Each structure stands twice: as C-alpha cells, then as structure tokens.
**Q** 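Can you keep this structure in mind? I'll have questions shortly.
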Amino acid sequence: MKKAIQHIWVWLVLLFLYMPVLVLAFYSFTSSTMIGAVRGFSLDNYVTLFTESALISMMVGTVLLAITVAVLSTLLGTAGAIGAFYSNRYTRGAVELANEVPIVNADVVTGFSICIFLIVILKIDKETFFPLITAQTALCAPFVYLSVLPRLKMMDSALYEAALDLGCNPGQALWKVVIPQIVPGIVSGFMTAVTLSLDDYFIATYTKPATFDTISTYVVNATRGSQTQIKTALWALSAIIFVIVVLAVVVMNVNASKSMKKEGEL
Amino acid sequence: MKKSYFDRKLLAIPYMIFLVLFVILPLLVVIYYGFTDAQGHMSFSNFVAFFSNGRTIGTLVYSFVISLVTTTICLLIAYPIAFILAKGEYCRKHAFLMIFVLPMWINFTLRITALKEILTMLEGNLAYYPFMNTIICMVYDFLPFMIMPMYNSLTKLDDSMLEAGADLGANKMQVLIHVLLPLSIPGIISGVTMVFLPAMTNYVVLDMVYNSTYIMGSLIGSYFSSYDWNNGSVISAILLIFIGMFTIATNRLVGNTEGGRA
C-alpha cells in the first residue's frame with residue numbers, strides 16, 4: 001500500500017511536469033491553432049520556424065550569445081578561481097563574497113543595475129552588445145567559479161610542487177598539471193553558463209539592443225501579440241528544444257555511467 | 001631556484017576587476033540613485049514615496065504572498081519526491097532524478113507558454129481563477145529547482161539514523177518529526193532559497209499569463225520602460241536589502257544546524 005502511494009505521487013508529479021510540454025509538442029504537428037481543437041497532420045509550424053527570418057535570427061542570435069557568454073565566463077571564472085584559491089585568506093574571502101552577489105541577487109536587479117551603470121551613466125550604446133554580454137557574463141562567471149573551486153580543493157597540492165621540481169616553470173605546471181585536473185569542473189561550469197544564458201529573460205530585457213531578441217524575450221513578446229502563425233511556430237520550437245534537452249541528458253548519463261564503470265575496473 | 005615573473009595569484013586579477021566593475025559598482029550606483037531625486041539631490045523622498053503609496057505597498061505584500069504560497073506548495077510536492085528518489089521506492093533509479101530536473105533546461109518562457117495553453121483549454125478563460133492560475137504557473141516553473149537541492153541533501157543522510165530512531169522505540173511519525181525532518185533542514189533551506197527570492201521577482205510568469213498583475217519585479221520593469229531610473233533604483237535597493245537579510249538569515253540557520261550536529 002505504501003509503495004503504491006509512492007508510485008502514484010511520482011507519476012502524478014511527472015504528469016504535471018511533462019503533460020503541457022508533450023501536449024504542445026503533439027499539437028505542433030497539426031494545423032490547429034488552439035489546444036483541444038482537432039485538425040489534421042501538418043508540418044507547417046516547422047516550415048515557418050525555419051523560413052521566417054525573424055525566427056531564424058532570434059534562434060541563431062540566442063545560441064551565439066550563449067556561446068560567447070559561456071566562453072567569457074569560463075575564462076574569467078576559471079582564472080579567478082585558480083588565482084583566488086592560491087591567494088591569501090583575505091583576498092580569497094573578498095573574491096568569494098563578491099562572487100556570491102550575482103548568485104543570490106535577483107536577476108531583475110542585476111540587469112537593472114548594469115543597465116543604469118553602463119547605459120545610463122557611461123552612455124555605452126546598447127547596440128554594441130557590450131552591455132548585454134557583460135551583464136550575462138556577470139551572472140554566469142560566478143557559477144563557473146563555484147564549479148571549478150571544489151576541483152581545486154580536491155587536487156593534491158603536491159602535484160604542482162612536483163611539476164616545479166621536475167623542471168616546469170609555473171606557467172607550464174599550471175597548464176599541464178593543474179588545468180587537466182580541474183577540467184570536469186571547467187566543463188560543468190561552461191554548461192551551466194550556457195543554460196543560464198539560454199534561459200535568461202531579465203538581464204536580456206534591460207541590456208539588449210532594441211532590435212535583437214533572445215528566445216525568452218521573443219516568446220514573451222509573442223504571447224502579448226496576436227499572430228497565431230508565430231505562436232504555433234513557437235510550439236514547434238519548444239518541441240525541438242525538448243528533444244535536444246532529452247538527448248543531451250541521455251548522452252551525458254551514458255557517458256557518466258561509462259566513466260564510472262571504467263573507474264570501477266581500475 | 002629560478003625566479004619567474006609569473007605567479008598563479010595574478011590569475012585572479014582580471015576576475016577581481018570584472019567583479020568590481022560590473023557587479024559591485026553597478027549596485028552602488030543603484031543605491032546612490034535610490035537616495036537621490038531626479039535633479040541629483042540627496043533625498044529619502046523616493047523611499048518615503050514607496051512606503052506611503054498604497055499601490056506599491058500592496059505590490060510588496062502581494063509578491064510576498066505569491067512567493068510564500070509558491071514556496072510552500074513546491075516544498076509540499078518536492079519533499080516527498082526527493083525522499084522517494086533518495087530513500088524510497090526509486091532510490092536505485094538515478095534516471096528518475098534526471099527526469100524530474102530535466103525541465104530546468106527547457107527555456108522557461110516556452111514551458112509557461114505550454115502550461116498556459118493547457119490551462120486555457122481546461123478552464124476556457126484564465127480570468128476566472130487568477131490567483132490559482134498564477135500559483136500553478138509559478139509552481140510549474142520552480143518545482144524542479146526545489147527537488148534538486150533537497151534530493152542532494154537527502155541522499156547524504158545516513159539511513160542508520162532513521163533505523164536508530166526506530167530501534168529506540170520511535171514510531172514512524174516520531175521518526176519523521178524528530179529524526180528525518182531536522183536532518184533535512186539544510187536541504188529544505190537550500191530548496192527554499194532557490195525558489196522564494198526568484199518567485200518574488202519573476203514577473204514574467206505573471207506577465208505571460210495576465211498582462212496586468214503586478215509584483216515587485218514588474219515595478220522595476222514599468223519604471224524601466226518609463227525611464228524613471230530613480231524609482232526603479234528604489235525598488236532595486238529595497239529588494240537588495242531584503243535579499244541580503246534573507247541570505248544572512250539562511251546562512252545562520254544552515255550554520256546552526258550543521259554546528260549542532262558536530
């Protein structure tokens with residue numbers, strides 16, 4: 001009986017989480033413009049999604065922005081974590097405190113504050129993308145920092161000393177010994193940065209160029225508008241993103257269990 | 001010993017400069033703007049105006065209520081799920097955790113669009129139950145973020161603690177109240193921090209479902225669209241104070257519970 005309750009609860013919550021996305025994905029393959037209205041099979045939504053230039057530039061723009069932001073965040077966050085980890089207590093404490101700020105702060109406030117500072121006071125043109133990229137990097141880099149730090153703590157500090165004794169200069173020791181040890185942290189930090197940038201709405205609205213749209217800002221504007229063709233094309237987009245996310249999670253898990261097996265064999 | 005000009009510590013410098021320029025300085029600017037009027041004079045009038053205006057106070061209370069209800073419901077749904085995944089029937093099925101947190105990676109505006117379509121179909125018109133629909137959408141958005149940290153904390157929990165409770169004569173209810181719940185507090189707190197503050201400011205969910213409902217975040221949005229930097233900064237400063245207090249309080253709580261265990 002108790003087992004039954006557990007199964008029911010798990011499946012009920014899964015139904016709540018997945019039903020909307022799955023139903024929408026189903027209707028994206030029909031010509032209906034409302035959920036519930038039964039119409040015939042159609043790929044029109046997918047055709048619109050990949051032919052409408054506003055939609056294409058929005059998708060490409062979002063992805064390019066996410067990659068740019070993730071690369072910058074990874075460089076800054078990783079270097080910051082290595083530097084701070086080997087600095088004295090006070091420097092490290094100060095960096096860690098400042099690092100916490102964008103993480104606990106509301107995105108609305110982060111976006112608004114950078115907008116005021118860069119666009120209103122320093123009069124930097126929004127159209128240069130500088131405010132947008134900077135603001136999203138300010139959100140993402142702290143997460144990279146946090147995912148690299150535990151790897152540095154886990155690493156044997158003698159490895160670096162050994163590399164120096166064996167004739168490496170500090171730069172080589174860092175590049176050939178320290179970096180390879182913390183790669184998993186860097187990779188997961190990079191992935192976190194990509195997903196944060198893809199999901200961001202608030203920072204983008206306050207700092208983006210007027211004519212540029214990310215998926216989030218585009219979707220929010222589209223829900224206010226009344227263009228049903230765009231609305232249903234976004235159903236197709238959400239179906240595609242769902243499939244991509246599922247595939248990514250499956251691949252990551254297969255890889256993780258493979259490497260776990262390998263470690264088990266050693 | 002060969003002397004080198006390179007030092008690992010120097011790597012922190014670009015990041016430190018970045019944090020000062022684009023995190024600390026903008027926040028100081030916002031606080032400064034909050035305490036000045038449109039002519040640039042020091043004044044508290046913005047704060048006085050905020051706390052003496054019925055509409056803004058109402059917004060503050062309303063967003064607090066929405067956030068509180070959302071967090072409570074997320075907690076009530078997610079805690080059993082986290083327990084079942086960590087200790088219950090599904091504890092050897094890691095894939096299930098992935099299924100529960102997977103929606104985190106789908107763009108939230110698209111997920112809310114999907115839910116909105118479903119609710120519209122079920123209810124005909126969303127205007128009939130505005131509060132309930134708001135809460136459903138918020139819970140739908142934040143639930144995965146609550147499950148993840150609670151699961152992480154519950155998997156670390158030692159089973160023998162629960163068994164010891166039972167061996168020492170506690171019935172199931174007593175084990176739950178006196179052993180399981182106290183030990184889950186760090187997980188619950190980190191889940192709450194993932195949901196409570198974002199729920200207070202995430203006005204897009206409301207914006208997408210209804211165009212007119214106001215919570216704290218949307219005040220900033222409306223001042224932003226009317227180029228009223230001073231009043232927008234007041235809201236930001238109030239939120240900053242609130243977030244700061246909340247963070248200090250939760251750190252204390254977590255510190256206390258961990259200290260108590262040692």
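For clarity, every value in this text was computed on a predicted model and none was experimentally measured. In what follows, chains are A, B, ... by sequence order, proteins preceding strands, each numbered from 1.
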**Q** Heavy-atom distance under 4.5 Å to chain A: side chain of B:L27, backbone, both or neither?
**A** both

**Q** Ring centres under 6.0 Å, that's the criterion: do B:F22 and A:F117 meet it?
**A**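 No, too far apart.
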
**Q** Classify the side-chain pair B:Y15/A:N99 by whether it contains a donor and acceptor separated by less than 3.5 Å.
**A**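 The answer is yes; a qualifying pair exists.
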
**Q** Crowded around B:Y32 OH? As in, over 12 foreign heavy atoms under 6.0 Å?
**A** no

**Q** What residue in A:K231, A:R92, A:M19, A:E100 has the most heavy-atom pairs under 4.5 Å with chain B?
**A**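 Highest number of pairs under 4.5 Å: A:K231.
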
**Q** With a 6.0 Å cut-off on the ring centroids, do A:W11 and B:F96 count as close?
**A**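 Yes.
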
**Q** Between B:N107 and A:S216, does any side-chain donor sit less than 3.5 Å from a side-chain acceptor?
**A**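 Note: B:N107 and A:S216 side chains meet the donor-acceptor criterion.
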
**Q** Has A:K126 got more than 12 heavy atoms of other residues, nucleotides or ligands less than 6.0 Å from its NZ?
**A**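 Yes, NZ of A:K126 has more than 12 neighbouring heavy atoms, counting only those of other groups under 6.0 Å.
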
**Q** Can you confirm whether A:I116 sits close enough to B:S233 that some side-chain heavy atom of one is under 4.5 Å from a side-chain heavy atom of the other?
**A**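 Yes. Closest side-chain heavy atoms under 4.5 Å.
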
**Q** Side chain of A:Y18, backbone of B:I99: donor and acceptor closer than 3.5 Å?
**A**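 The answer is yes, because a donor-acceptor pair under 3.5 Å joins these two groups.
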
**Q** Can you tell which of B:V204, B:V30, B:T247 has the highest number of heavy-atom pairs within less than 4.5 Å of chain A?
**A**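 Answer, by heavy-atom pair count under 4.5 Å with chain A: B:V204.
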
**Q** Is the shortest side-chain heavy-atom distance between A:V219 and B:T113 below 4.5 Å?
**A**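 Yes, at least one pair of side-chain atoms sits under 4.5 Å.
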
